[in-house]
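All of these numbers come straight from a predicted model, not from anything done at the bench. In each ligand, atom 1 is the first atom listed, and ligand 1 is the first ligand listed. We're numbering straight along the sequence, starting at 1.
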Amino acid sequence: MALLARDLLQSGEARAPFVRAKMIMPVNKARPARQIRQRALKRIVIARIAQQPQLGQHLLRRGLVLRHMHVIARAMDSAVSPLDEVHEKIAKAARIARRELDEITLIAVSKTHPAERIEPLLGQGHRVFGENRVQEAQQKWPALREAFPDAQLHLIGQLQSNKADDAVELFDAIHSLDRPSLLKALAKAMDKAGKQVPCFVQVNIGDEDQKGGCPIAELPAFLGAIRETDIPLGGLMCIPPADIEPAPFFAFLDKLARDNGINGLSMGMSSDYETAIMQGATHIRVGTALFGARG
Ligand SMILES: *Cc1c(COP(=O)(O)O)cnc(C)c1O
């Protein structure tokens, strides 16, 4: 057992907590699961395999997988990537909602993740990504875009008016237009750049004090102001209140969009994108389910 642990550590693919679990053994000598008392540790190990496909594959190759973990590692080995999994769930939700797949854009939210984590998704053919900070995107994306010129970048985070020029230059869509001062700055920036970037109006759908977004009561007037500019209106966007069933908020955003003659709906994140699709989302913003937890 000690040998195996050292082996794995040296391979650089195992992290200390994995090895400390002391649960790695050849498949053919695997003890029945009931003999394993450290259930909490078992869960950690499984979570680690799930988060690290290479580790799962490495263990599988070397026959170092417990019987009940075998299935997980095999799934990894047959190349079911997180992207495939998310696509499958999108397709299922769309089927239930009787919606066409091409109405739904998956935005892979790559914020905080380095280029090395983004490249595999690009390699799998995914092209639409989301970042929440202008500066971070400026550092990561020019090089990635050189390699993948058809990649599209959406800004999903709050935007300061003084960064409007940079945002217009870098992004293909902006999901956080939420106030008249920013509208003015973006209109000016787009005029200057000769580039029209579709904008989603972020709505403070739960009327939360501390949250960004246009207050619901001010939405009609704000949409009117946008329509007086050349800015293409991409749709409405929301982040529902935390720790409460999101479906009613998604449905409300859908109603606001219909009432105002708008088609685009940017809503749904890793924990609720299927619900959002059933409520009409056209753009889902998914980070954790594709890249794992942010550090
Ligand atoms: C980070 C972020 C997401 C993605 O969240 P996950 O839960 O990781 O999928 C979506 N939308 C916005 C506005 C975000 O900031």
Pairwise distance CZ(Arg258) to NZ(Lys255) - rounded to 0.5 angstrom:
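Taking CZ in Arg258 and NZ in Lys255, the distance rounds to 9.5 Å.
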Find the distance between CD (Gln158) and NE2 (His175) and round it off to the nearest 0.5 Å.
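The NE2 atom of His175 is 14.5 Å from CD of Gln158, to the nearest 0.5 Å.
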I'd like to check whether Ile156 has a polar contact with ligand 1, where a contact means an N/O of the residue lying under 3.5 Å from an N/O of the ligand.
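No, no N or O pair falls under 3.5 Å.
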Less than 3.5 Å between some nitrogen or oxygen of Asn132 and one of ligand 1, yes or no?
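For ligand 1, there is no N or O atom that lies under 3.5 Å from one belonging to Asn132.
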Taking Ile107 as the starting point, is it possible to reach Leu233 by hopping between hydrophobic residues whose side chains are less than 4.5 Å apart?
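No.
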Pull out every atom of ligand 1 sitting under 4.0 Å from any heavy atom of [X], numbered as shown with elements.
X      : answer
Ser270 : 6 (P), 7 (O), 8 (O), 9 (O)
Ile239 : 13 (C)
Arg285 : 4 (C), 9 (O), 10 (C), 11 (N), 12 (C), 13 (C)
Val286 : 9 (O)

Taking side chain as C-beta onward, heavy atoms only, is Lys195 less than 4.5 Å from Met190?
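No, their side chains stay 4.5 Å or more apart.
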For atom 10 (C) of ligand 1, closest protein heavy-atom neighbour
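Closest protein heavy atom to atom 10 (C) of ligand 1: Met269 SD, 3.3 Å.
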Starting from atom 8 (O) of ligand 1, what is the nearest protein heavy atom, named by residue and atom, and what distance separates them?
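Heavy-atom neighbour on the protein nearest atom 8 (O) of ligand 1: Thr288 OG1, 2.5 Å.
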Less than 4.0 Å is my threshold; does some heavy atom of His175 fall inside it relative to ligand 1?
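So His175 does not count as touching ligand 1.
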Please check if any side-chain donor atom of Arg117 sits under 3.5 Å from a side-chain acceptor atom of Ser110, or the reverse.
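There is no such pair (donor and acceptor under 3.5 Å, judged by atom type) between the side chains of Arg117 and Ser110.
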For Asp84 and Ser81, does a side-chain donor sit closer than 3.5 Å to a side-chain acceptor?
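Yes, because at least one side-chain N or O of Asp84 sits under 3.5 Å from a partner of the opposite role on Ser81.
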Which is closest to atom 14 (C) of ligand 1 by heavy-atom distance: Gln158, Lys111, Gln202?
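Shortest heavy-atom distance from atom 14 (C) of ligand 1: Lys111.
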What about the rings of Phe200 and His283, do their centers lie closer together than 6.0 Å?
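So the answer is yes for these two rings.
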